[in-house]
Amino acid sequence: MKTDEILGIVERHRDEQGGLIAILQDIQTRYSYLPADALRRVAEETGRSLVDIYGVATFYRSFSLKPRGKHLVCVCLGTACHVRGGPVIAEKFSALLGIQPGDTTADREFTLETLNCLGACALGPIVVVDGHYFSNVSTVKVKEIMEQTRAGLEKVGTKGDKRVFPVELSCPRCSHSLMDAAHRIDGHAAVRVTAAFNGSHGWIRLSGLYGSPVVESEHDVPADVVVNFFCPHCHAELTGAGPCPVCEAPVVPLMVRGGGVVQICSRRGCRYHMLDLESDIV
Amino acid sequence: MITLTINGLQVSVEQGTTILEVAQFFGFPIPTLCHMEGLSPYGACRLCVVEIGEGSKSRLVSSCTYPVEEGMKVRTASVRVVRARKMVLELLLASCPQSKVIQDLASAHEVRQQRFRQEHEDCILCGLCVRMCEEQMMAHAIGFRGRGEHRGLGTPFDVHSEVCRLCGGCMYVCPACQLRCTYTEPEKAICGGCANLSPPCLVKDPFDDMMCYMSPCVACEIKQN
């Protein structure tokens, strides 16, 4: 755990009244649980007593004081899901993973948890894996979900998901195409730009599918780092679309062939993206 | 000044006083477990219920948290109040049957039956110790954690808190004495309580810097036996 990371999170919520839950949520998002040292640090920085923070952290079920696995499997056991067979699903996950609800597998891959109602009772029993919802889950489907999770839920296909489609992008400054047909991501030509961050400089290839978060890069980009994007042809910095409404990092504008602008957030890990077919160049 | 009627007696008191304070001042006894002068009112034990209002509009409120209102009619020992109080005591007794304070109160209020399963909890969650620690000792070392049936209290992460001065204030005010026997696990100790009377006590070394407010001392009795 880095103390300056905690400091940054606290700083971001300094002006908010009652920002404690927001701080804890951010820490949990970053570390997947609330480390004891982080809570101590938050207590020091916010001037609240540790015992109050501990009280809040233990009050809400969504906060975990134990390290969680890479994937979080939540089985809904609310009333509706319960009568539709939620407990059987939970048992099946338990048996497959070899852990009880609330525990994490020894290889730190999976954490199994139960929760009480997600508000989508008509679709029960519901299972949520890393924020992806699975409805009408049966014991047969449990195995599929496990396989899908192991393969990576972030993989997206154009089939079945109308929010994901291939786009062709070009530099808003020199209008050169940014498409790299020789290099394919998600089965489509990748978008190649130059990226600079923390003194490193190199190519970065984004998926050519609008909505896909898959990125490949010459240098590993650490999470939460804001990357400066440049056109590989005219070397102009791709910027000027304002701050990201989610994380306030600068937004990168890219021109779409056929008209319109795609905006993506320049912070690694931030999933903000927007397609504006009406607007012309920025 | 606010004029109200309490058990038929018309009295005038300052604004902002609670019903409990008024009743105590004029000599109407109201039992309570979670109220203590010098600590903020909390309204957790519900023993101090009184009836306010008249006829069909009458209702039960906790007197320790209810500020007086103009023309209010309070009854501190009506049939309804006594019945509610006895039920509360019976429930408290079921959760902490070993607590001397609760036993005495139950006996004084003629609770003669025990219809609920005894839980043998060591805490009624009255919050006295939490408020004592925060408001009088200025330490803020212990607090509530968890929710629902998992609600409990203690130091963060269940380890000795660096802000705890082992003053023993929490044990001193506790009506159920939940922290009575932490001497078996010195690293979790909050007050040191029973573990540190002058020799011959238990193994004394881990508790050298603690003070003891227990009299009689449980640890000493165990040692003697």
Side-chain angles (χ1 to χ4, degrees), chain A residues 1 3 6 9-10 18 20-21 23-25 27-28 31-68 74 76-79 82 100-104 111-118, chain B residues 34 39-40 42-44 121-174 178-179 182 185 187-192:
Chain A
M1 190 194 75
T3 45
I6 304 293
I9 289 170
V10 174
L20 178 58
I21 289 176
I23 293 172
L24 296 185
Q25 278 175 332
I27 295 175
Q28 170 132 332
Y31 299 104
S32 83
Y33 77 110
L34 299 174
D37 288 341
L39 293 192
R40 282 178 218 282
R41 185 80 196 171
V42 171
E44 273 172 37
E45 290 302 324
T46 56
R48 290 167 195 269
S49 62
L50 179 62
V51 69
D52 284 351
I53 293 169
Y54 186 74
V56 172
T58 51
F59 186 88
Y60 294 102
R61 277 277 300 277
S62 64
F63 291 131
S64 168
L65 293 168
K66 283 190 293 184
R68 279 171 167 168
C74 293
C76 182
L77 291 183
T79 313
H82 196 278
Q100 289 302 310
D103 291 344
T104 304
T111 297
L112 179 61
E113 277 180 10
T114 60
L115 40 78
N116 305 317
C117 201
L118 291 154
Chain B
C34 73
L39 301 181
S40 55
Y42 192 60
E121 302 280 342
D122 43 17
C123 181
I124 57 166
L125 299 172
C126 67
L128 267 181
C129 52
V130 176
R131 282 173 287 151
M132 184 72 168
C133 189
E134 181 186 347
E135 295 169 17
Q136 290 297 330
M137 296 310 170
M138 306 296 172
H140 225 135
I142 53 174
F144 288 109
R145 83 293 266 300
R147 181 171 53 162
E149 59 172 339
H150 302 294
R151 191 163 165 87
L153 49 83
T155 53
F157 308 108
D158 279 327
V159 292
H160 177 71
S161 164
E162 52 259 51
V163 287
C164 173
R165 300 190 299 272
L166 303 171
C167 69
C170 46
M171 286 194 48
Y172 179 73
V173 295
C174 181
Q178 90 146 123
L179 306 166
T182 47
E185 294 164 90
E187 70 281 359
K188 287 188 186 178
I190 291 182
C191 70

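Only heavy atoms go into these numbers, but all of them, side chains included; no hydrogens, no water, no symmetry mates. Chain letters run A, B, ... following the sequence lines, proteins first and then strands; every chain starts at 1.
Heavy-atom distances place the side chain of A:R40, and not its backbone, under 4.5 Å from chain B. Only the side chain of A:L65 comes within contact range of chain B, with heavy atoms under 4.5 Å apart. In this structure, the portion of B:F144 lying under 4.5 Å from any heavy atom of chain A is its backbone and not its side chain.
By the neighbour-count criterion of 12 heavy atoms within 6.0 Å, atom OH of A:Y60 is sparsely surrounded, having that number or fewer from other residues, nucleotides or ligands.
Taking both residues in full, the closest heavy atoms of B:T155 and A:Y54 are given as O-CE2, 4.3 Å, listed atom of the first, atom of the second, then distance. Nearest heavy atom pair, residue A:V51 against residue B:G143, reads CG2-N, 3.0 Å.
The closest side-chain heavy-atom distance from A:L50 to B:E162 is not below 4.5 Å.
Interatomic distance, B:R145 CZ to A:I53 CD1, rounded to the nearest 0.5 Å: 15.0 Å.
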